[in-house]
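Some notes on the structure that comes next.
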Number of protein chains: 2
Amino acid sequence: MLAIERQRMILDRVVTESSIRVVDLADSLHVSGETIRRDLLALEQQGLVRRVHGGAVDARQDAGDRLFQERETIRIEEKRAIGLRAAELVQDGDIIAVDVGTTALVFCEALRSKRRLTVITPSIKAALLLRQTSDARVIVTGGELQEDEPYLAGYLAEAALRQFHVTRAFISAGGIALDTGITDYHDGEVQMRKVMLQCASQVTVLADSSKMGVRAFAVVGPLRLMDTLITDAGLHSSMQQKLEQLGIEVLVAEAPVRK
Amino acid sequence: MLAIERQRMILDRVVTESSIRVVDLADSLHVSGETIRRDLLALEQQGLVRRVHGGAVDARQDAGDRLFQERETIRIEEKRAIGLRAAELVQDGDIIAVDVGTTALVFCEALRSKRRLTVITPSIKAALLLRQTSDARVIVTGGELQEDEPYLAGYLAEAALRQFHVTRAFISAGGIALDTGITDYHDGEVQMRKVMLQCASQVTVLADSSKMGVRAFAVVGPLRLMDTLITDAGLHSSMQQKLEQLGIEVLVAEAPVRK
DNA sequence: GCGGCGTGTTGGCCATTGAAAGACAAAGGA
DNA sequence: TCCTTTGTCTTTCAATGGCCAACACGCCGC
């Protein structure tokens with residue numbers, strides 16, 4: 001294997017995994033740790049990675065002050081691309097609803113360039129992020145604080161959502177399948193999403209391509225409930241065609257290209 | 001795991017939870033407390049967190065929430081005493097409402113020994129603190145997220161409070177005076193407090209003695225609305241007598257003495 | 001064959017970590 | 001209020017493992 005090939009593979013892993021260890025790379029590429037260090041040195045001189053004790057981290061992600069939660073997340077590049085694409089649908093002054101979840105959080109970060117937004121969300125993380133990074137008016141639904149992730153659910157949350165009508169709701173989904181429709185894993189969230197769908201003129205679902213064809217156990221509703229689906233380039237063209245036949249606008253977010 | 005990954009993870013938790021304990025981190029990240037302390041030291045040198053005894057707090061919130069920070073440090077001993085005294089009024093299994101503010105936050109900390117509580121609050125900080133330190137069921141009122149301090153106010157918050165009836169409400173106050181009654185500085189909070197008073201069987205006001213005789217501009221209501229006042233030893237005995245003549249139970253918290 | 005290049009190996013050095021001991025701070029009881 | 005107890009912080013030390021520099025080896029083209 002050529003040195004340059006190996007370095008590309010290393011960069012690829014650093015990008016997808018955010019960080020990498022020298023021993024892991026040496027192991028999987030069947031070269032010595034010293035070779036890996038020399039490769040990382042070369043990549044660092046090109047400004048592509050940053051070396052740290054024991055390995056290296058993605059230089060680009062490291063530059064920004066993004067939340068760790070995002071970096072750690074699998075398929076973060078896809079989600080970031082989806083978040084950026086979704087933010088393009090938002091105009092200054094819009095009133096939108098934002099869901100719980102990592103994709104939604106990345107989306108909120110992409111909203112920092114917008115002005116005078118009104119955002120309603122059940123996610124504490126999203127609310128605090130928006131408060132820090134933007135001038136948005138943030139309305140938090142009430143509800144019972146969940147254990148696993150800081151968001152609010154239950155009767156109060158649903159009642160709060162019903163008080164509003166938003167121009168666009170941005171929803172996450174655990175699964176998108178042609179037969180079962182939109183599904184998810186947490187039934188508490190599902191109920192809230194149903195309400196969110198009802199109180200929005202336009203429904204946009206954010207789901208990376210790994211969710212396509214997946215049937216999670218709690219059903220949110222049929223596919224026709226969504227007006228727009230934003231996903232990444234991993235979407236099968238046949239799936240895309242079928243979705244478009246149902247009248248759903250499918251936007252494929254291009255992952256930002258790396259030099 | 002790389003040291004830098006661990007530090008990012010720590011930072012993420014500090015940001016979302018506002019504060020964190022060394023032992024909790026050591027436990028969940030499976031490293032020794034010494035390693036965590038070194039990580040926190042590194043993060044502190046980058047200006048990202050501020051170390052405190054037992055853990056660390058979010059530096060950004062400290063800097064941004066200047067007002068809150070000041071209130072946090074001022075008369076903290078008295079507030080802690082008041083919080084502890086107030087916690088004595090709470091039984092396992094109680095359903096209570098908790099207000100916004102530093103005193104309320106200290107009170108929530110003192111609730112860690114209680115079990116199976118149900119707490120309703122408009123304060124994000126209080127909610128996250130309770131989620132972290134106790135097994136309480138936490139219900140957050142909805143509402144508009146405020147700029148200066150993370151709590152929720154407005155129509156939604158009031159509507160949410162009206163959905164409940166609690167055995168005891170714990171209220172903060174900016175001023176307690178015999179003529180103007182209970183007053184405060186933020187009119188948004190005042191409206192919410194009025195509602196909180198209405199939906200509680202017992203009303204307990206937490207106010208350190210510096211608030212006595214103070215008339216802040218927004219009126220919450222007459223003194224007779226409160227059943228119990230918890231304050232510190234700085235309370236004038238004449239004031240205490242007059243309050244007791246009004247049928248208010250006055251509890252004086254003994255501040256732990258500092259060497 | 002010879003020099004350049006990339007790679008592996010080796011030994012010394014340094015960074016990170018965890019354990020232990022003593023100092024210090026906080027909480028609770030007499 | 002004082003003292004005890006408990007928990008936390010700091011310092012020090014040893015061990016582990018990663019880093020670096022130097023050198024040897026093999027491959028390739030000339």
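Keep in mind that what you see is a predicted model, and the values were worked out from it rather than measured. Order of the sequence lines fixes the chain letters, A, B, ..., with proteins taken first and strands second; residue numbering starts at 1 for each chain.
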Whole angstroms only, please: what is the CZ-P distance between B:R38 and D:dT12? 13 Å

Nearest-nucleotide wise, let me know which of B:V52 and A:R51 is further upstream toward the 5' end of DNA chain D. B:V52

In terms of side-chain heavy atoms of A:S32, which of D:dC19, D:dT8, C:dG8 is nearest? C:dG8

Give a yes/no answer on whether the side chain of B:T35 brings an N or O atom under 4.0 Å of OP1 or OP2 in C:dT17. no

Answer with yes or no whether the side chains of B:S209 and B:D232 bring together a donor and an acceptor at under 3.5 Å. yes

B:E34 has an atom CD; how far is it from atom C1' of D:dT11, in whole Å? 10 Å

For B:T35 and B:S32, which I'm curious about, is there any donor-acceptor pair between the side chains at under 3.5 Å? yes

Identify whether any heavy atom of A:R21 sits under 4.0 Å from a base atom; if not, whether one sits that close to sugar-phosphate; answer base, sugar-phosphate or nothing. nothing

With hydrogens left out and only the distance checked, is there a donor-acceptor pair under 3.5 Å joining A:R6's side chain and the base of C:dG6? no

The nucleotide from C:dG8, C:dA25, C:dA20 with an atom nearest the side chain of B:H53 is C:dA25

Look up atom CG in B:L229 and atom CD1 in B:I171, then write down how far apart they are to the nearest 0.5 Å. 12.5 Å

Closest to the A:V22 side chain, choosing from D:dC19, C:dG8, C:dT17: D:dC19

At what distance, to the nearest 0.5 angstrom, does CD of B:Q146 lie from CZ of A:R131? 9.5 Å

